[in-house]
Amino acid sequence: MNLLLLGAPGAGKGTQAKRLAEVLGLLHLSTGDLFRAHLSQGTPLGQTARRYMERGELVPDDVTLAMVFERLADPEGRAGFVLDGFPRNLAQAEAFAQRLAQSGQRLDLACYLRVADAVLVERLTGRRTCPQCQATYHLRYAPPREDERCDRCQVPLVQRPDDRPETVARRLAVYHAETAPLIAYYRAQGILREVDGEAPPEVVTERLLELVQEVGRTR
Ligand code: AP5
């Protein structure tokens, strides 16, 4: 089963992709997480990505595609994958479709997590992350047990630099201009399903698992 989660920054792609990958035994591929890993390791790719991420812009397609294709070649992805944050524009979607076709694979399901912009802004500005284990919290919706410390690692949580209000506004504008057209792109292929991303996280997970089962029955 190969699926992707589509949605604006803060729609809950990362939260849900982690859960789905775990429950279904699939590879979780988040381009944002891969870029952040390169950043923290100080690789040349990370330094390139930083320039774009800090401004809320997309990292160039050639850099992103090379990184994704390398990760997809990993044997861990043999049972299938959950994509989170990729593809991000039509050029990436086309290049990805070609690559899948070359390897005799296909995308089974594209789930669009629908969330209003005002909710997204609140989610992003309230998000906190553990710098050690990368667990995600929200000051209001998913607070840590102890004041701004990771439940597991006990280290102080941090705010992602691109979650500051000025960068959030730019990321949302880029999403509407470049990524939102993918909703129509996958709808035209008959593989798009919409999910209410404003429901509580457990309800969203349940709905996504139902969709995966439905698609699994008709494959
Ligand atoms: P990336 O890391 O992919 O960020 P994003 O798409 O902007 O998405 P986020 O991680 O911000 O949000 P999410 O939808 O995963 O939400 P989450 O589950 O964390 O990309 C970062 C940057 O990298 C980009 O700006 C770009 O520069 C670059 N990049 C990445 N991919 C690229 C590509 N393919 N091409 C080019 N450049 C690329 O949830 C958010 C918050 O809400 C959390 O606090 C969470 O606890 C809370 N929450 C989640 N679900 C719910 C719910 N149902 N109810 C209440 N709260 C919830």
Side-chain angles (χ1 to χ4, degrees), residues 4-21 28-39 45-46 48-69 71-72 82-93 95-96 111-130 134-144 148 151 157-164 167-180 182 195-208:
L4 67 82
L5 299 183
L6 192 58
K13 303 181 298 296
T15 302
Q16 298 299 332
K18 278 182 203 141
R19 295 179 182 195
L20 293 181
H28 172 206
L29 196 160
S30 156
T31 38
D33 286 352
L34 287 176
F35 285 134
R36 281 183 286 278
H38 276 280
L39 261 159
L45 194 157
T48 303
R50 183 198 302 272
R51 293 204 295 274
Y52 298 90
M53 293 171 82
E54 276 176 358
R55 299 199 306 261
E57 304 288 344
L58 295 186
V59 178
D61 291 343
D62 56 339
V63 177
T64 305
L65 288 166
M67 183 181 75
V68 168
F69 292 162
R71 184 74 181 108
L72 283 177
V82 186
L83 296 179
D84 150 18
F86 175 89
R88 208 73 162 211
N89 59 27
L90 286 168
Q92 290 184 10
F96 178 56
C111 298
Y112 165 46
L113 301 180
R114 190 177 5 88
V115 178
D117 277 15
V119 178
L120 296 169
V121 172
E122 201 197 352
R123 281 191 188 176
L124 291 172
T125 49
R127 172 168 55 188
R128 296 294 182 273
T129 313
C130 171
Q134 311 308 322
T136 301
Y137 297 85
H138 190 280
L139 294 180
R140 185 158 164 205
Y141 303 119
E148 298 219 20
D151 291 347
L157 301 176
V158 295
Q159 183 176 39
R160 258 171 57 176
D162 60 347
D163 278 348
R164 296 193 187 109
T167 318
V168 164
R170 182 63 197 142
R171 285 165 65 199
L172 286 177
V174 169
Y175 166 76
H176 286 296
E178 301 211 33
T179 312
L182 293 179
V195 173
D196 174 12
E198 292 186 27
E202 305 70 40
V203 176
V204 179
T205 310
E206 223 170 277
R207 181 66 191 127
L208 289 169

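Counting convention: from 1, in listed order, for ligands and their atoms alike.
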Check: Applying a strict 4.0 Å limit to heavy atoms, is A199 in contact with ligand 1?
Finding: yes
Checklist line | Mode of F35 contact toward ligand 1 - side chain, backbone, both, neither (heavy atoms, under 4.0 Å) | finding: side chain
Next item on the list: Determine whether any heavy atom of Y137 lies closer than 4.0 Å to an atom of ligand 1.
Entry: yes
Item checked: NZ/NE/NH1/NH2 to OD/OE distance under 4.0 Å, E178 and R88 -> no
Margin query: Please work out, at 4.0 Å between heavy atoms, whether the side chain, the backbone, both, or neither of A17 comes within that distance of ligand 1.
Written below: neither
Next item on the list: Indicate yes or no: does an N/O atom of D84 lie under 3.5 Å from an N/O atom of ligand 1?
Entry: no
Item checked: Distance-only N or O hit between ligand 1 and V204, under 3.5 Å -> no
Next item on the list: Tell me which part of A8 gets within contact of ligand 1: side chain, backbone, both or neither, using heavy atoms under 4.0 Å.
Entry: backbone
Margin query: Only heavy atoms of G85, strictly under 4.0 Å: list the atoms of ligand 1 that pass.
Written below: 31 (N), 32 (C), 33 (C), 34 (N)
Check: Do any N or O atoms from the side chain of E198 and from the backbone of V119 form a donor-acceptor pair under 3.5 angstrom?
Finding: no
Notebook entry, point to check: Does even one non-hydrogen atom of P201 get within less than 4.0 Å of ligand 1?
Noted result: yes
Margin query: Does any N or O of ligand 1 fall below 3.5 Å from an N or O anywhere on R171, backbone included?
Written below: yes
Next item on the list: If a pair satisfies salt bridge (charged side-chain N to carboxylate O under 4.0 Å, His left out) and one of its residues is in residues 116-130, list it, with sequence neighbours excluded.
Entry: E122-R140, R127-D163, R128-E148
Margin query: Under 3.5 Å, is there a donor on one side chain and an acceptor on the other for T205 and Q16?
Written below: yes
Notebook entry, point to check: Given F86, which of F69, F96, F35 fulfils the ring pair (Phe, Tyr, Trp, His ring centres under 6.0 Å) condition?
Noted result: F96
Notebook entry, point to check: What do you reckon, does R55 put a non-hydrogen atom under 4.0 Å from ligand 1?
Noted result: no
Checklist line | Those atoms of ligand 1 less than 4.0 Å from some heavy atom in R36 | finding: 2 (O), 21 (C)
Item checked: Sub-3.5 Å N/O-N/O distance, G12 and ligand 1 -> yes
Item checked: H138: numbered ligand 1 atoms lying under 4.0 Å from its heavy atoms -> 44 (O), 46 (O)
Next item on the list: List every atom of ligand 1 that sits less than 4.0 Å from any heavy atom of G14, numbering the atoms from 1 in the order shown and giving each element.
Entry: 13 (P), 15 (O), 18 (O)
Notebook entry, point to check: When L6 is tested against each of L83, L113, D84, T179 for side-chain contact (heavy atoms from CB on, under 4.5 Å), which residue passes?
Noted result: T179
Note to self: Just to be sure I read this right, does ligand 1 sit under 4.0 Å from the backbone of T64, its side chain, both, or neither, counting only heavy atoms?
What the structure shows: side chain
Next item on the list: Quick one: do D33 and H28 satisfy side-chain contact (heavy atoms from CB on, under 4.5 Å)? Show the steps, please.
Entry: CA-CA 10 Å; D33 286 352; H28 172 206; 4.1 Å; yes
Notebook entry, point to check: At their closest point, which heavy atom of V204 faces which heavy atom of A199, and how far apart are they?
Noted result: CG2-O, 3.5 Å
Check: Near L124, which atoms of ligand 1 are under 4.0 Å from a heavy atom of that residue?
Finding: 11 (O)
Margin query: Checking the N or O distance criterion of under 3.5 Å, is ligand 1 in contact with Y141?
Written below: no
Notebook entry, point to check: For ligand 1, is any non-hydrogen atom under 4.0 Å from D162's backbone (N, CA, C, O), its side chain (CB onward), both, or neither?
Noted result: side chain
Check: Any idea which atoms of ligand 1 are less than 4.0 Å away from a heavy-atom of E57?
Finding: 26 (C), 27 (O)
Next item on the list: Apply side-chain contact (heavy atoms from CB on, under 4.5 Å) to L182 and Y112, showing your working.
Entry: CA-CA 10 Å; L182 293 179; Y112 165 46; over 6 Å; no
Check: What are the two closest heavy atoms between L172 and A8, and how far apart are they?
Finding: CD2-CB, 4.3 Å
Checklist line | Numbered atoms and elements of ligand 1 in range of Q92, under 4.0 angstrom, heavy atoms | finding: 33 (C), 34 (N), 35 (N), 36 (C)
Next item on the list: Compute the shortest N/O to N/O distance between A142 and ligand 1 and return yes if it is under 3.5 Å, no if not.
Entry: no
Margin query: Using the side-chain contact (heavy atoms from CB on, under 4.5 Å) definition, which of the options L34, L72, V59, D62 pairs with M67?
Written below: L34
Notebook entry, point to check: For T129, does its backbone N or O pair with a side-chain atom of T136 as donor and acceptor, under 3.5 Å?
Noted result: no
Notebook entry, point to check: Hey, which atoms in ligand 1 end up nearer than 4.0 Å to a heavy atom of G197?
Noted result: 53 (N)
Next item on the list: Would you mind telling me if ligand 1 is within reach of the side chain of R128, the backbone, both or neither, using heavy atoms under 4.0 Å?
Entry: neither
Check: Which residue owns the protein heavy atom closest to atom 45 (C) of ligand 1, what's the atom, and how far is it?
Finding: T15 OG1, 4.0 Å
Note to self: Looking at Y52, I'd like to know if the NZ or CZ of R50 sits under 6.0 Å from its six-membered ring centre while staying within 45 degrees of the ring's axis.
What the structure shows: no
Notebook entry, point to check: Counting heavy atoms only, which part of T136 comes closer than 4.0 Å to ligand 1: side chain, backbone, both or neither?
Noted result: side chain
Margin query: Below 4.0 Å, non-hydrogen atoms only: which portion of V68 touches ligand 1? Side chain, backbone, both or neither.
Written below: neither
Notebook entry, point to check: Backbone or side chain, does any N or O of P9 fall under 3.5 Å from an N or O of ligand 1?
Noted result: no
Note to self: When you measure from the heavy atoms of G126 to every atom of ligand 1, does any distance fall below 4.0 Å?
What the structure shows: no
Check: Which atom pair, heavy atoms only, marks the closest approach of V168 to D162?
Finding: CG2-O, 3.8 Å
Checklist line | Structural part of E198 in contact with ligand 1, heavy atom criterion under 4.0 angstrom | finding: neither
